[in-house]
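Bear in mind that the values here come from a model prediction, so they are computed numbers and not experimental data. Within every chain, numbering begins at 1; the chains are lettered A, B, ... in the order of the sequence lines, protein sequences first and strands thereafter.
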Amino acid sequence: MTPIVRVSKLDKYFDQLHVLKDISFEVAPAEVVCIIGRSGSGKSTLLRCINFLEQPDFGSVEVDGLVVQGGGHGREYRQQVHDLRLKTGMVFQSFNLFAHMTALENVIEGPMTVKGMSKDEAVALGMRNLEKVGLSAKKDQYPSRLSGGQQQRVAIARAMAMQPKVMLFDEPTSALDPELIGEVLGVMQQLVEEGMTMLAVTHEMSFARRFADRILFMHEGRFAEIGTPEQLFNNPQDERTRAFLSHLQ
Amino acid sequence: MAAATSDSTKSQAQLIYEQQRRRQRRFSTGVNVSYLVLLGILFLAFSGLQVNILGVHLKTIQLDWAFIVERTPFIFGGVGLTIILAILSISLACVLALLGALGRLSKFPPAYALATFYISLIRGTPLLLQIIFIFLGLPQLGITPGGMTAGVLALGINYGAYMTEIMRAGIQSVGVGQREAALAIGMVPSQIMRRIVLPQALKLVVPPIGNEFIAMLKDTALISVTGFVWEILWRAQKVGRANFRSLEALLVAAVFYWVITILFTMVQGRIEAYVARGDRTL
Amino acid sequence: MKRLMRLFFVVVLTAVLAACTSSEPADLLAKIEEDGVIRVSTDPNYAPQSFLDESGEFVGFDVDVAKEIGKRLGVEVEFVTPDWDLITAGNWGNQWDMSVGSMTVTVARQEILHFAEPAYYYTPAQFAASDASGIESLDQINGQPVCVGLSTTYETWLNGNKAELGFPESSFYAEAPTGVSVVPLQTDNECAQAIQAGRTEFSVFLTSGTVVQAAIDEGIAIHRVGSPVYSENLAVAFDKKSSLDGTSLVARVSEIIAEMHADGTLSTLSNQWFGADLTSDPTK
């Protein structure tokens, strides 16, 4: 099967710091890939490079047949980046709901402003997505009136309303109180079951173990080990993986 | 017995609460009484009375009350104009401040240069001078603004430069996460500015703009130098001079400015409360 | 965005061209007659020449003279109120057509303004001092600080620039006092008010005899010092830099003033406002 995401020879520097070193990997349609590793290992940067919130310095990102080279500029490049972002949905650690909009307005903003959808159509779509995350009753609430878990679920609905080919999760549960993590993982599980292609940076090893098809363990800007959850958690080959996992226990 | 029981059942929290309430009430009563005393002293200062207290001879300011009564309606006629001037000017200032802030944040060199040049030029020169320049300078270019137009232009341009910083702070206070979320769903910079950043920024700049407006209410007095705008100060100066009663006329003007300021400060308090409603820190 | 910019430039260019080529009548009098309105500047700082009554209406000698001129021109009079500095500085930018503001004809002003001939009245320049000062005669003024209104002939004369005034020698009745320091305030009336308020920077001021009288009438504790020191011709003024040709207007208003002298209208108004006839030239 042709991969839906293909990252080739990606390099990223922050000033002098070499954050991503010649990264290449592929994601198949409907595959769930979790990226794990210590903080500072470059996993969030890698995820943000895929929709060009961070611009890669070298290498390329391909999503659903659209290839964008890093280090570009100009009008054509901006158009490519824009198209790339339409193919990806992103969920942030700190939710980043638009503070001046209600839950429903957050969800319909993209379809209406970016895709030019009519309000009726967008509201129907938005309500379907809010229902999916179990928050249709909260559609008129502002983010400040929602719990962290509810905000993150609305954020997922907002990303899904753009009907992306692949969902990027950047530590979606790290900012949540422990008792709220479950509801967000539940929504993510639902997406897995629907066959959504997902790429998640996470500290939730239970989620990774249960739902990931593959796990990428990052260390200092490189993949130190790649494998199924079975291989990686039960029989890690690399000593750095072992050290990381034992640290979690 | 029953009463004693109910009294003793008052919880400690309730007792502390009541004590706090009593303290608050005592404070606000004290403040109000003090206000009355201060107002009384102010009135006394303008009463024209001469008093001997323990051998100290105190003089107060003597006013022609008949003149004040006679001329107050004429000076009052400028109140509406003063408020209209301030409203028009603050509107222009808001537009210019927004453009100035966008220019200051722009990566397009001419836009940045234009904005910083404007801010530097206007903040580096006195408002009074700007009013006279606009009033006397523009006619030389074949554009002859009336006194009102010149005044609104000058005040708007001046306050716009100062308010640029307010607008900029407002725009920059909108977190980077908001922009990233908007980028991630495919919005382009102009959409992000219009749909995401500005609505949140404007909410933040309402209170400081209210303060600017209240300051501007009094700076409208400077427009009187053009001679063409019959606002409060112009009226007071003319009737005061022609009748050798400047002090009286200016006092009437001062009272009007003060009352307007108090009223608009109250309005601003309401607006601030309205804007702040429902905001809960996360 | 680019289209918007282009549109903007087109609008600006059109406006500039329109401003340059506008085909208004080139003659000021013709334009005034066409509009049916003459715009007259007045400085309502001075009773009884020009001031505002309780209801904010313009009243005074200057105001009545202006209205009479308008009547004889067959047009309405509209008063505008620029500051005195702006009126005497010329270059009015067509914001008003004529000044009936008790303006003294001086050589310096004649360079930038046209004046109607003859003057419509004449005032004496008069020293006054606070009652408390003990100053009773002109020679006591030597070495004193003297207050005047800014940009007035009094300021010019006290500064020793008599030649700048360009009055005929017969207008002068006395020599300027020596060793005075001139204190210019915004208007003549400020001088009287400063004395009344108890300020002590000066106790003498020089202004028109009509202002001194008005101040005395208002109960300010001042008195005249000596007799008038010179006489001023006060005339209707016009802007020389106007883009419209004012020649015929100046000529027509001059005729009207002469008529108003001849038929006694000016004398009547003068008696009404000043309680005296100030309309005959004291030098003749």
Subject >> For chain B, the option from Asp83(A), Leu53(A), Val81(A) that forms the most heavy-atom pairs under 4.5 Å >> reply: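 The candidate making the most pairs under 4.5 Å is Leu53(A).
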
**Study point:** For the student: nearest non-hydrogen atoms of Ile223(B) and Gly147(B), plus distance
**Key:**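 Scanning both residues completely, I find the closest heavy atoms to be CG2-O, 4.4 Å.
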
Exercise for the section: Pick one of side chain, backbone, both or neither for Arg78(A), based on which atoms fall under 4.5 Å of a heavy atom in chain B. Expected result: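 Answer is neither: Arg78(A) stays 4.5 Å or more from chain B.
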
(request) With a 4.5 angstrom heavy-atom cut-off, could you sort out which part of Phe92(A) is near chain B: side chain, backbone, both or neither? (result)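 Just its side chain gets close to chain B.
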
Strictly by modelled atom types, are Gln55(A) and Tyr77(A) linked by a side-chain donor-acceptor pair under 3.5 Å?
->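 The criterion, which ignores hydrogens and geometry beyond distance, is satisfied for Tyr77(A) and Gln55(A).
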
| said: Is it true that Gln80(A) and Glu76(A) share a donor-acceptor pair across their side chains at a distance under 3.5 Å? | reply: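 No, no side-chain donor-acceptor contact under 3.5 Å.
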
Would you call Lys139(A) and Glu105(A) a salt bridge, taking side-chain N to carboxylate O under 4.0 Å as the test?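 Salt bridge between Lys139(A) and Glu105(A), a charged N being under 4.0 Å from a carboxylate O: no.
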
Quick one: do Glu18(B) and Arg21(B) make a salt bridge, cutoff under 4.0 Å?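 Salt bridge flag = no for Arg21(B) with Glu18(B).
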
Residues of residues 109-119 of chain A with any heavy atom under 4.5 Å of a heavy atom in chain B: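 Listed by number, the contacting residues are Glu109(A), Gly110(A), Thr113(A), Val114(A).
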
Would you say that more than 12 heavy atoms from the other residues, nucleotides or ligands in this model lie under 6.0 Å from the [atom1] of [X], or not?
X: Phe58(A); atom1: CZ; result: no
X: Glu179(A); atom1: CD; result: yes
X: Phe14(A); atom1: CZ; result: yes

Checklist line | From CG (Leu66(A)) to CG (Leu84(A)), nearest 0.5 Å | finding: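 Here the interatomic distance stands at 5.5 Å.
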
Atom pair CG (Leu104(A)) and CD (Gln141(A)), whose distance is rounded to the nearest 0.5 Å: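 Here the interatomic distance stands at 12.0 Å.
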
Original post:
Quick one: are Phe98(A) and His100(A) in side-chain contact, heavy atoms under 4.5 Å?
Top reply: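 Answer yes - side chains close enough.
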
- Which residues in residues 82-114 of chain B have a heavy atom less than 4.5 Å from any heavy atom of chain A?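 Against chain A, none of the residues of residues 82-114 of chain B fall inside the cut-off of heavy atoms under 4.5 Å.
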
### Message
With a strict 4.5 Å heavy-atom criterion, list every residue of residues 178-200 of chain B that contacts chain A, or say none.
### Response
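Within residues 178-200 of chain B, the residues that come under 4.5 Å of chain A (heavy atoms only) are Gln178(B), Glu180(B), Ala181(B), Ala182(B), Leu183(B), Ala184(B), Ile185(B), Gly186(B), Met187(B), Val188(B), Gln191(B), Arg195(B), Ile196(B), Pro199(B), Gln200(B).
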
Hey, can you pull the donor-acceptor pairs under 3.5 Å for the side chains in residues 158-175 of chain A, sequence neighbours left out?
unit_1, atom_1, unit_2, atom_2, d
Arg158(A), NH1, Asn96(A), O, 3.1
Arg158(A), NH1, Asn106(A), OD1, 3.3
Arg158(A), NH2, Phe95(A), O, 3.4
Arg158(A), NH2, Asn96(A), O, 3.0
Asp170(A), OD1, Ser44(A), OG, 2.7
Glu171(A), OE1, Ser174(A), OG, 3.0
Glu171(A), OE1, His203(A), NE2, 3.4

Please step through side-chain hydrogen bond (donor to acceptor under 3.5 Å, both in side chains) for the pair Gln130(B) and Thr125(B), ending with a clear verdict. CA-CA 7 Å; Gln130(B) 290 162 16; Thr125(B) 50; 2.7 Å; yes

Discussion item. Please evaluate residues Gln79(A) and Arg75(A) with respect to the criterion side-chain contact (heavy atoms from CB on, under 4.5 Å), reporting the C-alpha separation (whole Å), side-chain torsions for both, the decisive distance (0.1 Å), and the verdict.
Written reply: CA-CA 6 Å; Gln79(A) 184 61 47; Arg75(A) 178 176 291 187; 5.7 Å; no

